[in-house]
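Encoded as structure tokens, the structure appears first; notes follow it.
The structure displayed is predicted, hence computed values, not measured ones. Any value given below was found using the heavy atoms of this structure, including those in side chains, with hydrogens, waters and symmetry copies removed.
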Amino acid sequence: AITESKCGLIISKLLRIVEYLHSEEVSICHRDININNVMITEDPIGTLDVKLIDFNVSRRFRDEDTCTKYLMQTNTGAAAFTSPEVNSRE
């Protein structure tokens, strides 16, 4: 079983990953974050490692040359995890 504190730590680590991906230097939108694309391991002393995987539908959201931001509004992931604003466009 996973404790509430471990769950909070996993979410915190995942948010740091997303923050890094969305940073000016990287500018990547994953577009398919769901439970199947998050790998969690724990070493013998209890240290958690969280990784975001499966970048097949990811896209840069900023043009490197012009710094133009792209609007991501296409449905690319599993329907159960699609945001309401993308679903409202269909």
Side-chain angles (χ1 to χ4, degrees):
I2 198 164
T3 66
E4 186 176 334
S5 65
K6 279 188 182 178
C7 190
L9 184 59
I10 290 166
I11 291 169
S12 176
K13 288 182 178 226
L14 188 57
L15 288 172
R16 280 187 288 211
I17 292 168
V18 172
E19 181 179 39
Y20 171 73
L21 290 173
H22 290 186
S23 68
E24 293 287 329
E25 68 182 88
V26 182
S27 296
I28 291 177
C29 182
H30 186 278
R31 295 168 37 135
D32 192 20
I33 296 175
N34 65 66
I35 195 68
N36 297 316
N37 292 334
V38 178
M39 288 182 51
I40 304 163
T41 58
E42 186 174 7
D43 68 17
I45 62 168
T47 304
L48 289 174
D49 190 26
V50 178
K51 292 186 167 91
L52 184 60
I53 62 170
D54 191 0
F55 283 76
N56 290 336
V57 294
S58 67
R59 295 285 179 267
R60 287 196 167 275
F61 61 82
R62 185 184 325 273
D63 183 280
E64 291 180 39
D65 297 325
T66 65
C67 292
T68 302
K69 290 183 181 180
Y70 302 118
L71 190 58
M72 304 289 176
Q73 290 189 325
T74 54
N75 188 354
T76 58
F81 298 101
T82 304
S83 66
E85 58 271 16
V86 170
N87 278 335
S88 68
R89 294 190 52 158
E90 295 179 14

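- Applying the salt bridge (Lys or Arg N to Asp or Glu O under 4.0 Å) rule to Lys6 yields the partners Glu42; only residues at least two apart in sequence or on another chain are considered.
- Between the side chain of Arg60 and the backbone N or O of Val26 there is at least one donor-acceptor pair closer than 3.5 Å.
- With sequence neighbours left out, Ser23 forms a side-chain hydrogen bond (donor to acceptor under 3.5 Å, both in side chains) with no residue at all.
- Within the structure, the side chain to side chain donor-acceptor pair (under 3.5 Å) test picks out no pair touching residues 10-20 (sequence neighbours left out).
- In this structure, Thr41 has no side-chain hydrogen bond (donor to acceptor under 3.5 Å, both in side chains) partners at least two apart in sequence or on a different chain.
- To the nearest 0.5 angstrom, Ile33 atom CD1 is 8.5 Å from Ile17 atom CD1.
- We find the CD1-CD1 distance between Ile10 and Ile40 to be 4.0 Å, quoted to the nearest 0.5 Å.
- Residues satisfying the side-chain hydrogen bond (donor to acceptor under 3.5 Å, both in side chains) test with Ser58, not counting sequence neighbours, are none.
- At a threshold of 4.5 Å between side-chain heavy atoms, the hydrophobic network of Ile, Leu, Val, Met, Phe, Trp and Tyr places Leu14 and Met39 in two separate groups.
- Residues passing the side-chain contact (heavy atoms from CB on, under 4.5 Å) test with Thr47 are Asp43, Ile45, sequence neighbours excluded.
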Open item on the list: Let's go through His30 and Ile28 carefully: what are the C-alpha distance in whole Å and the side-chain angles of both, what is the deciding distance for side chain to side chain contact (heavy atoms under 4.5 Å, CB included) to 0.1 Å, and is it a yes or a no?
Closed with: CA-CA 6 Å; His30 186 278; Ile28 291 177; 5.6 Å; no
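- For residues 33-52, the set of pairs meeting the ring-ring contact (aromatic ring centres under 6.0 Å, His included) definition, not counting sequence neighbours, is empty.
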Give every donor-acceptor pair under 3.5 Å between a side-chain atom in residues 49-56 and any protein atom, sequence neighbours left out.
from: Asp49; atom 1: OD2; to: Lys51; atom 2: NZ; distance (Å): 2.7
from: Asp54; atom 1: OD1; to: Asn56; atom 2: N; distance (Å): 3.4
from: Asp54; atom 1: OD1; to: Asn56; atom 2: ND2; distance (Å): 3.0

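- Clustering of Ile, Leu, Val, Met, Phe, Trp and Tyr by side-chain heavy atoms under 4.5 Å joins Ile11 with Leu15.
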